[in-house]
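The structure under discussion appears below in the form of structure tokens.
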Amino acid sequence: MKKIIDTLHGTIQTPAFLPDATYGAIKSLSFEDVEATGTESLVTTTLHLEQKLDHRYIKEFGGLHKFFNWNKPILTDSGGYQVFSLIYRNPNKRNAITDAGCSFVDYTSGKYQLLTPEISQIIQFHLGADIVTVLDVPLRNDASTADMKEAIKRNTEWAKRSKDKFLELHQLTEKDFSDPKIKRPLIGAVIQGGNNFDLRKQSAEELQEIGFDLYNFGGPPIHKEKNWYQNAPKGFNRELLEFVANLLPQDSVKYAMGIGSPDDIIYSSQVGWDIFDTVLPTRNARHGYLYVSKGYGDKSYEHYDVVHIRSKRYEFDEQPIDPLTPCDITKNISRAYLRHLIRTKDPAGWRIASIHNLMFYQNMIKQLQK
RNA sequence: GCAGGGAUGGCGGAGUGGUCAAACGCACCAGACUGUAAAUCUGGCAUCUUACGAUUACGGGGGUUCGAGUCCCUCUCCCUGCA
């Protein structure tokens, strides 16, 4: 079901793919570049941005849109996923998750920090986001059922507190919240429950009871290994994605966080999810992993091929990256030359590859919008 | 000419009698990455083999030893002092 999401900075047509500007930038790209890829809105994360730029600075400057000079929708993540990832991957005696929130040592500064549902809302409020996210409780992939149940309980409580803070910050009543005439940012809550269908159902029901603008799919649980997927099953549980989408009203906005590969997005879109974000196209671009049309790569997946551009096989390849992904910026660049740029770690190569991959994603999304 | 030091795999550079096909870098080959601690990470990298394994290797030649990249002799080349 195609939807138009109305935000304070324009509309978002779904399905939509939002690239991740984690530290306030899509790495190696200008916002003009980002726009050239057909990107209409983007995601940035509360925690990482806060590490580099205090939200009071952004507030003083005049908000993220002004700071970026980006006048289209911005969705902010709560920092939940990031802080949990940080805590699990960098054990420290002072890291703790309690009902109050997350306290942890920021490994970059050594500073002791606190992130609560309320603080996350305050930060996102001052950033001036169009769509905000509640601080949620992601799970470790080795969590027991008992731990998961507890996490769901806390996740719901935090969502409630987040919404309360949101209403307070915007000086709204619960009645105002449901009034379509009152313009305000949108707020999304995150459905958790790991791979447990019953817990997902419980989580979805409890969050709907509170009432949000968006319902988000909290992706695969946090993995403690450095490579999160080292020992984890590949990809997403498709059955679960369909199941969770069906727990929500058809006309509700559904945001599948962190999803995913082109195949994952196409599938998720077909079963009802509207918004997607993932680092894959941009991070992979910098690593020389390019998404191309079927028949044009060296490795084949369901709906796309991959070009490992650093490979020797492209040494004398004069073709463009993907003839079926037309782009003014990349059309005259041969695979052979891009190979050289990526191999020499030249920022120009990261830029070209990132533009291409985002273009590929946005073209795919445009097909889904038809 | 004399005295001393050194020559190790594509490169740099460990190693001083056995566990050395040789640490560690770099380069090279292949791969991974899903609400970005990711300009990162993982394999491989003498030759033959899918692998087990086998063979040839530490400037050249000769020797000591059960065993030498490691000790001795000699040759070649390079560096540093003294003439």
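Residue numbering restarts at 1 for every chain, and letters A, B, ... go by the order of the sequence lines.
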May I ask which nucleotide in the shown strands pairs with [N], Watson-Crick or G-U wobble, both distances under 3.5 Å?
N     : answer
B/G9  : none
B/C41 : B/G31
B/C66 : B/G18
B/G1  : B/C82
B/C58 : none

Pairs satisfying salt bridge (charged side-chain N to carboxylate O under 4.0 Å, His left out), at least one member in residues 195-205 of chain A, at least two apart: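 Listed by first then second residue: A/Lys201-A/Glu205.
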Salt bridge (charged side-chain N to carboxylate O under 4.0 Å, His left out) partners of residues 112-133 of chain A, not counting sequence neighbours, each pair once: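 Non-adjacent pairs meeting salt bridge (charged side-chain N to carboxylate O under 4.0 Å, His left out): A/Glu118-A/Arg161.
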Distance below 4.0 Å between [X] side-chain N/O and [N] OP1 or OP2:
X        : N     : answer
A/Arg310 : B/A32 : no
A/His287 : B/C41 : no
A/Ser311 : B/A30 : yes
A/Thr278 : B/G35 : yes
A/Arg339 : B/C28 : no
A/Arg283 : B/C41 : no
A/Arg343 : B/C26 : no

Atom [atom1], compared across [N] and [M]: separation rounded to whole Å:
N     : M     : atom1 : value
B/A23 : B/G5  : P     : 27 Å
B/C24 : B/C79 : P     : 32 Å
B/A46 : B/A51 : P     : 12 Å
B/G43 : B/G25 : P     : 11 Å
B/C78 : B/U8  : C1'   : 15 Å
B/U65 : B/G59 : C1'   : 23 Å
B/C45 : B/A22 : C1'   : 14 Å

Heavy-atom side-chain contact between A/Ile187 and A/Leu214 under 4.5 Å: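 Side chain of A/Ile187 against side chain of A/Leu214, heavy atoms only: no contact under 4.5 Å found.
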Sugar-phosphate only, base, or nothing, as touched by A/Phe217 at under 4.0 Å among non-hydrogen atoms: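 Nothing, no heavy atom under 4.0 Å.
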Touch class at under 4.0 angstrom, heavy-atom based, for A/Asn216 against every strand present: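 Here A/Asn216 touches no strand at all.
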What residues, two or more places apart in sequence or in another chain, satisfy salt bridge (Lys or Arg N to Asp or Glu O under 4.0 Å) together with [X]?
X        : result
A/Lys312 : A/Glu315
A/Glu40  : A/Lys72
A/Asp274 : A/Lys3

Sequence-distant partners of A/Lys160, side-chain contact (heavy atoms from CB on, under 4.5 Å), two or more places apart: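 For A/Lys160 the side-chain contact (heavy atoms from CB on, under 4.5 Å) partners, ignoring immediate neighbours, are A/Asp164, A/Ile210.
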Set of residues satisfying side-chain contact (heavy atoms from CB on, under 4.5 Å) with respect to A/Thr45, sequence neighbours excluded: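 For A/Thr45 the side-chain contact (heavy atoms from CB on, under 4.5 Å) partners, ignoring immediate neighbours, are A/Thr22, A/His48, A/Asp77, A/Gln82.
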A/Lys153 with A/Glu150: basic N within carboxylate O range, under 4.0 Å: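 Not counted as a salt bridge, because no side-chain N and carboxylate O are separated by less than 4.0 Å.
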ring-ring contact (aromatic ring centres under 6.0 Å, His included) between A/Trp273 and A/Phe217, intermediate numbers included: CA-CA 9 Å; A/Trp273 295 93; A/Phe217 182 86; 5.6 Å; yes
Of all pairs that satisfy side-chain hydrogen bond (donor to acceptor under 3.5 Å, both in side chains), the ones with a partner from residues 344-361 of chain A, not counting sequence neighbours: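 Counting only pairs at least two positions apart or across chains, the side-chain hydrogen bond (donor to acceptor under 3.5 Å, both in side chains) contacts touching residues 344-361 of chain A are A/Asp33-A/Arg351.
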Closest-nucleotide ordering on RNA chain B, the 5'-leading residue of A/Tyr23 and A/Gln192: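 Upstream on the strand: A/Gln192.
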Ring pair (Phe, Tyr, Trp, His ring centres under 6.0 Å) contacts in which one or both residues fall within residues 124-148 of chain A, not counting sequence neighbours: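 Listed by first then second residue: A/His55-A/His126, A/Phe125-A/His170.
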Identified ring-ring contact (aromatic ring centres under 6.0 Å, His included) counterpart of A/Phe68 within the set A/Tyr23, A/Phe61, A/Phe31: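 With A/Phe68 as partner, A/Tyr23, A/Phe61, A/Phe31 yield a single ring-ring contact (aromatic ring centres under 6.0 Å, His included), made by A/Phe31.
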Among A/Tyr289, A/Tyr291, A/Tyr296, ring-ring contact (aromatic ring centres under 6.0 Å, His included) partner for A/Tyr304: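 Of A/Tyr289, A/Tyr291, A/Tyr296, ring-ring contact (aromatic ring centres under 6.0 Å, His included) with A/Tyr304 is met by A/Tyr291 alone.
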May I ask you to list the residues of [range], by number, that have any heavy atom positioned under 4.0 Å from an atom of RNA chain B?
range                       : result
residues 295-307 of chain A : A/Lys299, A/Tyr301
residues 199-212 of chain A : none
residues 27-51 of chain A   : A/Lys27, A/Thr45, A/His48

Rounded off to whole Å, could you give me the [atom1]-to-[atom2] distance for the [X] and [N] pair?
X        : N     : atom1 : atom2 : result
A/Lys312 : B/G44 : NZ    : C1'   : 15 Å
A/Leu280 : B/G35 : CG    : P     : 6 Å
A/Tyr289 : B/C41 : OH    : C1'   : 15 Å

Listed nucleotide nearest any side-chain atom of A/Lys345, set B/U40, B/C33, B/G31: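 Closest nucleotide among those given: B/U40.
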Quiz item: A/Asp20 side-chain donor-acceptor pair to B/G35 base, under 3.5 Å: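 Donor-acceptor pair under 3.5 Å: no.
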